[in-house]
Amino acid sequence: MEAVKVPFMDLKKHHKERETEYIEIFRNLLQSAQFINGQSVGEFEKKFAEFCGTQFAIGVGSGTEALLFSLLSIGVKHGDIVITVPNTFIATAEAITQAGAQPEFVDVEEGTMCMSVERLTEYLTEKCFFDELTGETINTISGKPVRAVIPVHLYGQMAKIDQISRIAGTYNIAVIEDSCQAHGAQYFSEADKKLKNAGENGSSAAFSFYPGKNLGACGDAGAVTTNDSQIAQKIKMLRDHGQRTKYYHEIEGFNGRLDTLQAAILLNKLKYLQEWNNTRRKLALTYSAELSKIDDVMTPEVPDGSYPVYHLYVIKVKNRDELRKYLLENGIETALHYPVPLHLQKAYKNYGYSKGAFPVSERCANEIISLPMHPWLLENEQNAVIEEIRKFYTTRN
Ligand SMILES: Cc1ncc(COP(=O)(O)O)c(C=O)c1O
């Protein structure tokens, strides 16, 4: 019998199913020629804000811009510090440096691989002091003020945002959620005694609609969500050359708008997002039930009250590289998110970090493997992935 081929992601399958709808969207746009600032932008923003439970959603060109504009909208500037984690996509740190600030990393929790509340507290209490006069938290060595913290809701699971927000509040630091992988993720907030969504917790949140995301465009796209009207207004200006009225520039901004075409596609896809997230959750349940039976595999930890949306399904394993090679030889594609933590990337060697600085992130980078996970994954494809992983470990032990 021929082995089942399992691609890591299968957007082509989805596009085939919905081809007529998407072509119709493009045809309509060609007729109206409203490629920039067209009607679908506002309509999508309204619906996406509703989905996230926020007052505002502002469409922008990408998740990276959503992060950058979020930082600029609260006044982050040259000479400031912004805290984040080392095991994220580089865009999180790029936004910080492109706002002129310096990223400072704190390590993650072993189980969820999201920002460790203990490490964040340790950074603020041991490396900083709170200046009662100015109300600023200052890094003791560099003398720079800490302006914001960006927890990353990694793989579709929310970081411990209740606790992070409480600590940040104590130190007068803004929270910006990197929700680029977490459209629809929820957690039960002990502080508010209700379920809360990714995107409604900080001063603002950044979403990416990169094609492979849970809600993906047919190109680059992103959004910022917020409940703060001033931040919303500022982001609208930042994305459109600093203008509220055409050719009257109040500040210098960017060309960072969401294309009408992408907004129209996203508006269409948003109707299915909940259903797709539920499919991802079911697939994750099956993966976890079956793979947790294998000693050398650690399935994702999901704390009580956390409802991830599994943008990625990531396990930690022994002999990771051999497993990856074996799976590929048997037609199964996998990926690594992410192979090198940011503090060890060549691009950031000027920050002077060395190996061992963030041991949990470093260990995770060596053990993680992302398995095929998307709403179009078939039962026989998922079974093949599970079966091959089982075979790999039984033949070795
Ligand atoms: C955690 C995280 N942050 C930021 C981004 C940047 O988003 P974009 O690629 O839309 O700029 C991504 C996208 O891959 C991401 O996964």
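Model, not experiment: these values are computed from the prediction.
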Find out whether the Lys NZ or Arg CZ of Arg18 is both under 6.0 angstrom from the six-membered ring centre of Tyr272 and within 45° of the ring's axis.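 Positive - Arg18 is close enough to the ring of Tyr272 and near enough to its axis.
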Test Arg390 against Glu387 for salt bridge (charged side-chain N to carboxylate O under 4.0 Å, His left out), laying out the working first. CA-CA 5 Å; Arg390 193 179 287 140; Glu387 208 39 55; 2.7 Å; yes
Quick check: closest heavy atoms across [X] and [Y], and the distance to 0.1 Å?
| X | Y | value |
| --- | --- | --- |
| Ala335 | Phe8 | CB-CZ, 3.8 Å |
| Ala221 | Ala217 | CB-CB, 3.9 Å |
| Ile368 | Val314 | CG2-CG1, 3.5 Å |
| Val302 | Tyr310 | CG2-OH, 3.4 Å |
| Asn201 | Tyr187 | OD1-OH, 3.2 Å |
| Val41 | Leu258 | CG2-O, 3.7 Å |

Is the shortest heavy-atom distance from the side chain of [X] to the side chain of [Y] under 4.5 Å?
| X | Y | answer |
| --- | --- | --- |
| Phe105 | Val85 | no |
| Lys316 | Cys364 | yes |
| Ser370 | Thr334 | no |

For the residue pair [X] and [Y], categorise the inter-ring angle as parallel (less than 30°), tilted (30 to 60°) or perpendicular (more than 60°).
| X | Y | result |
| --- | --- | --- |
| Phe207 | His183 | tilted |
| Phe392 | Tyr326 | tilted |
| His343 | Tyr353 | perpendicular |

Starting at [atom1] of [X], measure out to [atom2] of [Y] and round the result to the nearest 0.5 Å.
| X | Y | atom1 | atom2 | result |
| --- | --- | --- | --- | --- |
| Leu342 | Glu94 | CG | CD | 9.0 Å |
| Asn197 | His153 | CG | NE2 | 10.0 Å |
| Ile167 | Gln163 | CD1 | CD | 7.0 Å |
| Phe69 | Thr226 | CZ | OG1 | 15.0 Å |
| Leu124 | Leu120 | CG | CG | 5.0 Å |
| Gln98 | Leu72 | CD | CG | 10.0 Å |

If you draw a 6.0 Å radius around [atom1] in [X], do more than 12 non-hydrogen atoms from other residues or ligands fall strictly inside?
| X | atom1 | value |
| --- | --- | --- |
| Gln230 | CD | no |
| Lys349 | NZ | no |
| Glu379 | CD | no |
| Lys47 | NZ | no |
| Phe56 | CZ | yes |
| Leu30 | CG | yes |
| Gln243 | CD | yes |
| Lys193 | NZ | yes |

Test item: [X] side-chain N/O and [Y] main-chain N/O as donor-acceptor pair under 3.5 Å:
| X | Y | value |
| --- | --- | --- |
| Ser203 | Val175 | yes |
| Glu362 | Phe358 | yes |
| Asn172 | Ala168 | no |
| Glu136 | Asp131 | no |
| Asp192 | Lys194 | no |
| Arg281 | Pro308 | yes |
| Thr260 | Phe35 | yes |
| Asp162 | Glu190 | yes |
| Arg244 | Met237 | no |
| Thr225 | Gly199 | yes |

So does [X] pair up with [Y], basic N to acidic O under 4.0 Å?
| X | Y | value |
| --- | --- | --- |
| Lys325 | Glu329 | yes |
| Lys160 | Glu109 | yes |
| Arg239 | Glu45 | yes |
| Lys391 | Glu388 | yes |
| Glu19 | Lys16 | no |

Is there a side-chain contact (heavy atoms from CB on, under 4.5 Å) between Ile150 and Leu71 once you walk through the steps? CA-CA 10 Å; Ile150 309 184; Leu71 289 164; 4.2 Å; yes
For Leu11 and His374, run side-chain contact (heavy atoms from CB on, under 4.5 Å): C-alpha distance rounded to whole Å, both residues' side-chain angles, the deciding distance at 0.1 Å, then the answer. CA-CA 9 Å; Leu11 277 175; His374 54 83; over 6 Å; no
Assess, by modelled atom type and distance only, whether the side chains of [X] and [Y] contain a donor and an acceptor separated by less than 3.5 Å.
| X | Y | value |
| --- | --- | --- |
| Ser288 | Thr299 | no |
| Asn319 | Asp296 | no |
| Tyr123 | Asp107 | no |
| Gln157 | Ser306 | yes |
| Thr112 | Tyr155 | no |

Could you go step by step and tell me if Met9 and His14 meet the side-chain contact (heavy atoms from CB on, under 4.5 Å) rule? CA-CA 10 Å; Met9 184 52 188; His14 166 68; over 6 Å; no
Checking ring-ring contact (aromatic ring centres under 6.0 Å, His included) for the pair His311/Tyr210: CA distance, chi angles, key distance, verdict? CA-CA 12 Å; His311 168 54; Tyr210 181 84; 8.9 Å; no
Walk me through it: do Asp321 and Arg324 pass the test salt bridge (charged side-chain N to carboxylate O under 4.0 Å, His left out)? CA-CA 5 Å; Asp321 295 338; Arg324 266 200 100 192; over 6 Å; no
Assess the residue pair Tyr313 and Leu291 against the criterion (side-chain contact (heavy atoms from CB on, under 4.5 Å)); give the C-alpha distance rounded to whole Å, side-chain angles, the decisive distance to 0.1 Å, and a yes or no. CA-CA 12 Å; Tyr313 184 86; Leu291 297 175; 4.2 Å; yes
Go through the steps for Lys13 and Glu381 under the test salt bridge (charged side-chain N to carboxylate O under 4.0 Å, His left out), then give the verdict. CA-CA 14 Å; Lys13 196 189 274 176; Glu381 293 174 329; 3.6 Å; yes
